[in-house]
Amino acid sequence: MSSPTQAPVSTHRAILNTVKGSAGNLVEWYDVYIYTVFAAYFENQFFDSADKNSTIYIYGIFAVTFVMRPIGSWFFGRFADRRGRRAALTVSITLMSACSLVVAVMPTRESIGVWAAVILIAARLVQGFATGGEYGTSATYMSEAATANRRGFFSSFQYVTLVGGHVLAQFTLLILISTMSTDAIKDWGWRIGFLIGAIAALVVLWMRRTMDESLSAEHLAAVRSGQDTSSGSLKSLFTTYWRQLLWVFLVTAGGTIAFYTYSVNAPAIVKKAFGEDGATAATWVNLLSLILLMAIQPIGGLISDRVGRKPLLVFFGVGGVLYTWVLITYLPQTTSAVTAFLLTAVGYVILTGYTSVNAIVKAEVFPAHIRALGVGLGYALANSIFGGTAPVIYQAFSAADRTTLFIVYVTAVIAVSLVVYVFFMRNRAVTALDREQGDAWARASVPTR
């Protein structure tokens, strides 16, 4: 029986496919984060500046978009498992860039009143739908396109580009702050960030035309002919692979709430603490700390290839339980750039225990015919419930002077995932990915995981 996936022809091809696959991830996540980076500048374009809840509304829109992620993960996961990873990734980035263009050119509240907020919400909902598809499909593709003994390393580039999107968004803001007045950015300069995302997608569309498909031609032919009816099946996922789906959900819950608390809330806290007069310093702090987070992802991936995935996840879980209180308590109190950088940097080192292996550890538990759907849906459900809501929950608790309750909430969710890492995760010698891609790859030097 032929394998449903194709082993990479060479390390050279694996590198090329990783670059092409992750480039789209970079652009899509840039489009996600350009919203949070510029939120403070454009919120008055959509909501009344006299309304003290306008900031909560803006972050509420960010949270609402996560409602669409499970739907996107279902649609694109099924699409990717039945039509191929490359086709699904191409469609998702097309949708993402189109919505960024809409936000870049749309009229504001002053021109069309409440309809400005309605259009913004609609565009962000479609982007949430596209992002839900991008995560599961790109995590699956980059895991399948990697060589057997370097899957942790290659798949870690998903978060290199995910964080890279945030870095580019912060860098865009830094350039605008350096070249424009604050009033100009608030008036129209914020549109530039969204326009860049729309244009960058055209380059990625060209690159993805030449990336290799990781599903075998035989598998795709069987789906087209109707011989294979289980690929991308929601019924099969919930009846046969529900344990793996639940496991992915629980593994993701603590990681995603920590990721959004550390990488979205923390930069916003730095901005607020430094104020408008210190906007440039705050942006540099956020930019350099995010570059650090991006740079250390491959290190975490390489470590996991040597010692396994579990030790890194346990490191993250223990660190997250102990450090969240420190970060959220002391970061708002500092206006020292060095102190702010060190506080966020420590958090990002801890976070890397999750982010560097989160793609591969999920891809390894599902067979190819259900992998994109299982990885994407399990992640999206946890991400929607715990990750995307973290910024707005923090804003609400902070406004009510109940930040301690937010810290307890985040710590408790991480603690639940830590229990899963410690007691419900085994290191495996040979995974489903190894078995699918042939005996030669299964016999490769894969350490006990």
Side-chain angles (χ1 to χ4, degrees), residues 1-5 66-85 87-89 91-92 128-129 131-141 143-144 214-216 218-256 309-310 313 358-387 416-417 419-421 423-428 430-437 449:
M1 182 177 179
S2 61
S3 172
T5 59
F66 283 74
V67 173
M68 294 298 293
R69 292 202 181 187
I71 300 173
S73 67
W74 163 76
F75 177 85
F76 284 102
R78 177 179 171 80
F79 191 100
D81 285 332
R82 297 181 64 82
R83 299 287 191 88
R85 319 308 192 197
L89 289 170
V91 174
S92 69
F129 174 77
T131 306
E134 176 71 19
Y135 174 87
T137 307
S138 65
T140 296
Y141 179 78
S143 299
E144 292 173 345
S214 61
L215 287 180
S216 67
E218 292 82 1
H219 173 80
L220 294 174
V223 172
R224 286 194 298 268
S225 67
Q227 297 176 7
D228 182 343
T229 58
S230 63
S231 289
S233 166
L234 202 60
K235 178 181 178 182
S236 178
L237 179 64
F238 281 113
T239 57
T240 306
Y241 301 101
W242 67 269
R243 290 180 181 84
Q244 291 92 325
L245 181 66
L246 177 61
W247 186 84
V248 167
F249 175 86
L250 294 173
V251 165
T252 304
T256 191
R309 324 300 184 202
K310 180 173 179 175
L313 288 172
N358 90 98
I360 186 62
V361 79
K362 298 165 191 173
E364 287 178 331
V365 302
F366 288 103
H369 72 280
I370 205 77
R371 183 172 293 132
L373 178 60
V375 171
L377 189 60
Y379 166 82
L381 289 170
N383 188 241
S384 298
I385 296 170
F386 301 109
V416 170
S417 288
V419 171
V420 176
Y421 305 151
F423 297 106
F424 298 96
M425 183 176 180
R426 292 187 300 115
N427 285 340
R428 294 176 173 85
V430 177
T431 70
L433 281 165
D434 299 312
R435 291 190 293 270
E436 287 166 8
Q437 296 185 343
R449 293 199 286 273

How far does CZ of Arg69 sit from OH of Tyr379, to the nearest 0.5 angstrom? 5.5 Å

Just by distance, do the side chain of Ser417 and the backbone of Gly254 share a donor-acceptor pair under 3.5 Å? yes

Shortest non-hydrogen contact from Ala363 toward Ala139: CB-O, 4.5 Å

Over all atoms of both residues, closest heavy-atom pair of Thr140 and Ala372: OG1-CA, 3.4 Å

Going through the distances and angles, do Glu364 and Arg309 end up as a side-chain contact (heavy atoms from CB on, under 4.5 Å)? CA-CA 11 Å; Glu364 287 178 331; Arg309 324 300 184 202; 3.0 Å; yes

Under a 3.5 Å distance rule, please check whether Trp247 uses its side chain to pair with a backbone N or O of Phe424 as donor and acceptor. yes

Within this structure, what is the OH-CD distance for the pair Tyr141 and Glu134, rounded to the nearest 0.5 Å? 12.0 Å

Measuring from Arg371:CZ to Tyr241:OH, what's the distance to the nearest 0.5 Å? 10.5 Å

To check you understand the geometry: which heavy-atom pair defines the closest contact between Gly84 and Leu220, and what is its length? N-CD2, 3.8 Å

Spacing of Phe366 atom CZ and Asp81 atom CG [to the nearest 0.5 Å]: 10.0 Å

Lys362 versus Thr252, side-chain donor and acceptor atoms under 3.5 Å: yes

Is Val361 close to Val248 at the side-chain level, that is, under 4.5 Å between some pair of heavy atoms? no

Kindly determine whether Phe249 and Phe386 satisfy side-chain contact (heavy atoms from CB on, under 4.5 Å), including the steps that lead there. CA-CA 11 Å; Phe249 175 86; Phe386 301 109; 3.8 Å; yes

Check whether any side-chain N or O of Arg85 sits under 3.5 Å from a backbone N or O of Ala80 as a donor-acceptor pair, and report yes or no. yes

Quick one: CD1 on Ile71 to CE on Met68, what's the gap to the nearest 0.5 Å? 4.5 Å

Could you walk me through whether Thr137 and Phe79 satisfy the side-chain contact (heavy atoms from CB on, under 4.5 Å) test, starting with their C-alpha distance in whole Å, then the side-chain angles of each, then the deciding distance to 0.1 Å, before giving a yes or no? CA-CA 9 Å; Thr137 307; Phe79 191 100; over 6 Å; no

If you take all heavy atoms of Val375 and Tyr135, which pair is closest and at what distance? CG1-CE2, 4.1 Å

For Arg83, look at atom CZ and say whether over 12 heavy atoms of other residues, nucleotides or ligands are found less than 6.0 Å away. no

The reported gap from CH2 in Trp74 to CG in Leu237 (rounded to nearest 0.5 angstrom) is 13.0 Å

side-chain contact (heavy atoms from CB on, under 4.5 Å) between Leu377 and Leu234, worked out: CA-CA 10 Å; Leu377 189 60; Leu234 202 60; 3.9 Å; yes

Tell me whether Ser236 contacts the main-chain N or O of Ser233 through its side chain, where contact means a donor paired with an acceptor under 3.5 Å. no

Does Phe76 reach the side chain of Leu89, with side-chain heavy atoms less than 4.5 Å apart? no

Measure from the side-chain N and O atoms of Thr131 to the backbone N and O of Gly128, and report whether any donor-acceptor pair falls under 3.5 Å. no

Does any non-hydrogen side-chain atom of Met425 lie less than 4.5 Å from one of Val420? no

